[in-house]
Every structure is written in C-alpha cells, then in structure tokens.
Amino acid sequence: MTEQRLFCSSVLFLTLFLISIESTHGFTFAYENSESEINGDESESDLSDTVMDLRLEHRDHTYADINSYRTLYMSLKLTVKMHEERSVSGYVETTFVKLKPSWMMSKFGKAGPDLNLDIGPHVTVTDIENIDTGKKLVFEKACNDSIAISVLQCVLQIKDPVDYVGEFRLRIHYSVSDKTSALHFIPPYQTDDNQYHFLVSTTQPSDARGWIPCQDTPALKYPYQSEITVKRPFTVLMSGTLVSKSVEETDDGTWETVQFRQDLPVPPFLIAITVADMVAVDVREHDESAVTEEAAVPSIKVWGERTVMEKLRADPGRIFSMIPEMMDICEKWYGRYEWGTYDIVLTPPGYAFKGMEFPQMNFIAATNIDFSNTAGPNFIYANVIAHEMIHSWFGNLVTPKYAGDIWLAEGVTTFEELELMEAYYGDPKIGEYLRRWRYTSLRDVLESYTGYSAKYKILTPYLTNDHPFHGFTYIHYNKGGLFLEYIANHTGRAELDRGLKKYLDLYKYQSVDTADFVHVLYEEFGFETEKEIERDIFVWLERPHTKVPVKLYPSEIYEECVQIYRALTRSKKERDEKWVLADIAESFKHGSGPLATDTPNLRSQMMIVLERMENVVSNVNMTETRIKNWKRLVNRLDKVFSFTSRTESDPDIFAMWAQIAIKFNHTETMSKMPDFFEKYGRLDLIFTVLDAPTDNRLRGTFANILQTKYDLTRYPGFIGELLRGYVDWFIGYYES
C-alpha cells in the first residue's frame, strides 16, 4: 500500500511538473468581459480589458506559444519612407503550422485556439486575413507600459485563425513609426554626408517584433523573402540574396522596388534591413588577386556613404582586400560559407555599435577605420571585421536558443577573432596583449559586479526577469572567450578546432543551448573521465568566480606597456616634447607585429600608451605635485600627437585621450566635447568619455553639455532606455 501511494504521488508530481514546463512557453489572456470581441480593428489599452499573466517564466522572452503554432516561412512586402515622413508600411505574409496538442496539454486545457504574436508598441496593425480562406480575422493588440521588460510590453492575439491541425497562411497589414525600437533612423547631422537619414535595423537580440509582428524567439528559425520599395536616391539592403530590381516613375519621384530571398533558416532578429544613400565597391573587382575560380563567395561588396567611400578608394590599410583573405581562412577552419553573397555596410558616426552581424550583411562602424593610415594595417577595423565575419558560423549558422546562452555566439567568436587576426597577419604575438588585457579587465569587472548585478558574473545567467540585452555584457564576450582559451590549453588548438567543426556540422541551421555545446566537448574530448576539468567547466559556466582557471601565454608586449607608463609617470625633470616621442619609440624598439616602431603603426602604440596611462591616473593618489606634473605631461603629449584634432579622423583615439585629459581639465579637449557628443552615437565612445570627470565641477560642466548637445531621443529601444537612465542620473545627481 505504501509503495502504491508513493508511486501515485510520484506520477502526480511528474504530471504537474510536465504541465508547468509546457506552460512556460505560453501565457494567459484573461478577459474581464468574455463576451466582448474586437472586430477587425486594433485596441491599444493598458490591459484594463485584457490582462497578461506574467507570472509564468519567459526564458525566451516571447509570448509566442511554439508548442501550439510554429512559423515555417515569412514574406514581407513593405514601403520604406525616408524623407519628411519616416515610416514603414505594408504587410507580412506568414506560413504557420498548427500543431497537434500533446495529450498533457489537451487534458489540462493548456492548448488554446488563439495565435499569439510578439509586437512592438509602435507597430499598428490594421487588418489580418487568412489567405487560404479569405476570412477576415478578429485580433487584439494589448500593451502594458508598466512591464519592466520592454520587449514584453505588447502582444498581438489572433482569435481562432484555423480550426484544423496543419499549415495555413496569414496576411497582416501594418505600419511602423520612426519611434520604434527596432529601426534606427540616424539623423543627417550624425552621418558623414550630412544630407539624409541613414536607416539601420537594431533587432538584436529579441526585437524583430519592433518592425514585424512575428513569433520573436531565437528558438525558431525559418527562411524568408522580401519586397521593399524605397524612393531614390536611397538604396536598400537586407540580410538575404538580391533577386531583382524594378523602377517606377511617379509624380512623387522615382521609386525602386527590390526583392531579396533568404533560403537558409534564420531567427527573426537576424532579418535585417538598411536604407541609405550609399554606394558600393565590389571587392573582387577592386582587387584582382581576390578573384579565384574556387572562391566560395560569389560577391563581396563594401557599402558606405559617398564621402566615406571616396576616402577609401585607394584601399588604405587593405580595407577591402583583407576581407576575402580572411574569408578563405574561415572556410578552412569552419567549413564552406553557406550564405552566398557577403556585404559590409560602413555605418555612420551616429550608429550605436562598433559592429553587428547578420546573414550575408554585416554593419561595421566607419569610425573603426583610421583614415590617416594610408600604408599600415588598420588593426581596429580588422579586429571588428574578423569578429563579425566569424558570426557567419557561430551565431548565424548555429544560433543560441536563449539570451542567457549568448556566449555561444559572442564568447566563441571573441576567442576565434584573435586566432583569425594572428593567422591573417602571420604573427602569433598579435593576440598576446589583448588576451592579457581581457583577462585583467574581466577580473576588474567581475569584482565590481555586486548586489543584483552579481548574477551577471555567471556565463549562463538566467534572464527570465531581465531584458534579453543583458546577455550582451563584457562577461559573455571575454569570459566566454577565455573559457575557450582554457579548453584549448587542455586539448591543443588543433583538437579544439576539430571539436568546433563537429559542433557546427552537428547543429547547423539549428538553435542550441549551452548543454548542446558541452555535449560536444564531452563527446569529443572525453572530459567525463577527467574530474578536475569537469569541475572547472562547471565553475566557468555556472559560478560567479572572479578567479577563472586559465593559463595565459606570457606576454612580453604587455610588460613593455607597463614599462612605458612607469617611465612616463616617474620623470621629475623638465623635458621637451621630443623626450616624450623618443621615450615611447625606444620602449617599443623591440616590439613586433602591430607594435613595431614604423610610422604606420603609431596608432597602435598610442592606444596602448593611453590605456596604461588611464590605468595609472585612475588608481594612484593624485597629490598636488603629481597633478602639476601630469598636467604638464598632458600638454606635451597633445602637442606631439595632436590628440584633440582627432575628433573626426579617429574618435577611438580621441575618446581614450579625453578619458585622461578631462581629469586634468585640459582646455583644448574640453572645448571639443560638445561637438563630440552631438556627432557620435557609438555607446563605447560615449560611456568612455562620460566616466572621465572626477570632481563635481567637471561633472557639472558635462551635465550642462549633455543637456544642450546630447539628443537622447536618437537612440531606439532598450539601448536608449539604458543611456537615458544613465544620463538622467548623471545630470540630476550633479545638479542637486
């Protein structure tokens, strides 16, 4: 009898557990008036009539119940307006399949007849019809601004789309305003040509819903096609293959309709678009050496504003020719590039990121390019190119299923980018400094994460109650990269390459989680028999430890950098500008790779010197005598290297310089800050400078600059929310 009761209790517990697991992918609509219906129009409400039950866990940050309905294919037909009225309008035709509910869901009423789609607050739906039957469908859009996770603030419910199990097609007519979080209409004053807006989509990691009503989860991947109409002189590109173009002359001007097709399955956030007045360089035509019979990528183009492309006509620092050479290396390591064409879009100064990957199209900030370097390599640009290119395999071909597993894309790519840089330049020392710098910086970041943010120390954080963008942190890039470094130390680089190739072959076209990756490690390398490694892997993935067990390569370059800033800070004698330049050149006399003493590599030298100087300034006690000496040194350095004149030619160097010079109220640098804040949108540059002021008087000056020159409305979505919160705090705190 006792055994029977125990068995029954176990079965009941298992049943309830399975029900709870299945229900986590759905949500509940509770109508106060169950008789009410909305006939063919959209209701914007605060859920007074409709309440979303958010007590359930949304690990994948979606309201789409993929256990009941799944997207199979998507077709977009949209018009993008870029002039006075900036908007997107048209329709999306989506092929769904209604799944047969499991016995568990049928038995306990968990599978409803309604189709629930994710949608952004600035997306307005006007009509939904079943294409197969011609029937107009009843729908409701419900929003709740009080929900902290912004991507979960709205949901679109389509009532009874079909009454059978199987495939069906819906056509959803809608429009999108320029206030949407998914599309960034960069204003003309933040572009290089200063003439038109420049549109880029900002959908990562879970904001395709901001411009397409869809099942917005990376757990689903499917092909798509599109037909986009824009008015000339604008050009449209998407993350797919160009199929056709047609032109129509109207009283309103010349309109061009462009068709794209993506045959490989992609998650919604990788459906990307850019619209701008831009021109292209065909890399294979520009560099005949890049054209080979066996070339897997039929077309490689670099797009950008006319001003930028004119500067790059002579291919400074091999801006164009490095791309196919890096692609060849990647194909040798990871397998054939399966996407077809490859486009790089050089985004304007107002773009918020250094780079962003999409299938067949990468956004790379033109501000990464050192335009003054006409002979030597552009290492910063090359590093970003390498990172985004590798995402064609890690992230695009094999996609993290949840935001908390984003390290599978960003961490693996961070490790591989240094390997690619070293292979391309033929110098194994190129990555030494960056590896050591990443380790020390990661250690500092881990130690600074306390309280609520402590959970982000974990490589695989559970982000159920957080915005999915929290998956894109320093931890997931650099701790993830160092985790691969740790594995390589045990297996050897060649063996790790074999394991990564097996991972790609096993899971390509799929969405995976960390357990899938670890499964490959164990299967390939037999880690289950090595208890110490097994324990370390658990620590890397599941523990917020600051002391990560990784063996770093010895770095002579790093030690040289230490000697540089020691020499700069201990000098007590008056010396002229020549001493500064000569001392730095002497310190790098025995350097190699990017740290050689030839003029084209001066930028790399300056970046390392500035990084070490900032470290000293931030960590030593500044006595009056030391402040006086540092002010003198800052003035000397600016006269030698002209840092304050680099706001437009090299904003990375200027931001690193400003981080130091502002602390000593350097007049020339301070005078550049209003224009710098107005022109640039890259978040890494902005935060670098905002963290510079160290006393209340300087902070008050910055607060005034921000209020008059910094247009916070230019940032869409969660990025804008984060930055506005930081800047509002900055201004409010130092005005009080």
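Values below: all heavy atoms of this structure, side chains included; hydrogens, waters and symmetry mates excluded.
For R535, the salt bridge (Lys or Arg N to Asp or Glu O under 4.0 Å) criterion is met by no residue, not counting sequence neighbours. E495 pairs by the side-chain contact (heavy atoms from CB on, under 4.5 Å) definition with T491, R498, F525, not counting sequence neighbours. Residues forming a side-chain contact (heavy atoms from CB on, under 4.5 Å) with Y509 (at least two apart in sequence, or on another chain): L264, P265, E338, L397.
Side chain of T203 to backbone of A208: no donor-acceptor contact under 3.5 angstrom is found.
The pair D497-K501 fails the salt-bridge criterion, with no side-chain N (NZ, NE, NH1 or NH2) lying under 4.0 Å from an Asp/Glu carboxylate O.
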**Request:** Take N383 and E417 through the side chain to side chain contact (heavy atoms under 4.5 Å, CB included) test and state the conclusion after the steps.
**Result:** CA-CA 7 Å; N383 187 235; E417 76 187 42; 3.1 Å; yes
**Request:** Kindly determine whether T202 and M356 satisfy side chain to side chain contact (heavy atoms under 4.5 Å, CB included), including the steps that lead there.
**Result:** CA-CA 9 Å; T202 53; M356 191 64 73; over 6 Å; no
**Chi angles and distances behind the ring pair (Phe, Tyr, Trp, His ring centres under 6.0 Å) call for F517, W407** = CA-CA 11 Å; F517 185 83; W407 80 272; 5.4 Å; yes
**Asked** Where do S206 and D216 land on the side-chain hydrogen bond (donor to acceptor under 3.5 Å, both in side chains) test, with the steps shown first?
**Response** CA-CA 6 Å; S206 294; D216 193 6; 5.4 Å; no
**Request:** Run the numbers on T460 and H476 for side chain to side chain contact (heavy atoms under 4.5 Å, CB included), then give the verdict.
**Result:** CA-CA 8 Å; T460 55; H476 304 92; over 6 Å; no
**Request:** Apply side-chain hydrogen bond (donor to acceptor under 3.5 Å, both in side chains) to the pair Y63 and T217, showing each step before the final yes or no.
**Result:** CA-CA 9 Å; Y63 289 120; T217 168; over 6 Å; no
**Request:** Please step through side chain to side chain contact (heavy atoms under 4.5 Å, CB included) for the pair R682 and N368, ending with a clear verdict.
**Result:** CA-CA 10 Å; R682 263 180 50 195; N368 291 305; 3.7 Å; yes
**Request:** Step by step, work out the side-chain hydrogen bond (donor to acceptor under 3.5 Å, both in side chains) result for K221 and S511.
**Result:** CA-CA 7 Å; K221 301 178 75 171; S511 297; 5.1 Å; no
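Considering NE2 of H490 and CG of L521, their distance stands at 12.0 Å, rounded to 0.5 Å. Distance check, rounded to the nearest 0.5 Å: CD1 of I487 to CH2 of W540 gives 9.0 Å. Taking SG of C330 as the reference point, atom CZ of F394 lies at 9.5 Å (rounded to 0.5 Å).
Proximity of H387 to L420: side-chain heavy atoms (C-beta onward) are nowhere separated by under 4.5 Å. Within the 4.5 Å cutoff, the side chain of F358 has no heavy atoms near those of the Q262 side chain.
Closest heavy-atom contact between T71 and L220: N-CD1, 4.1 Å. Scanning all heavy atoms of the two residues, the minimum distance from G355 to E388 falls at C-OE2, 3.3 Å. When all heavy atoms are compared, the tightest approach of S392 to W339 is O-NE1, 2.9 Å.
Under the 6.0 Å cut-off for aromatic ring centres, Y351 and F353 qualify, their centroids lying closer than that.
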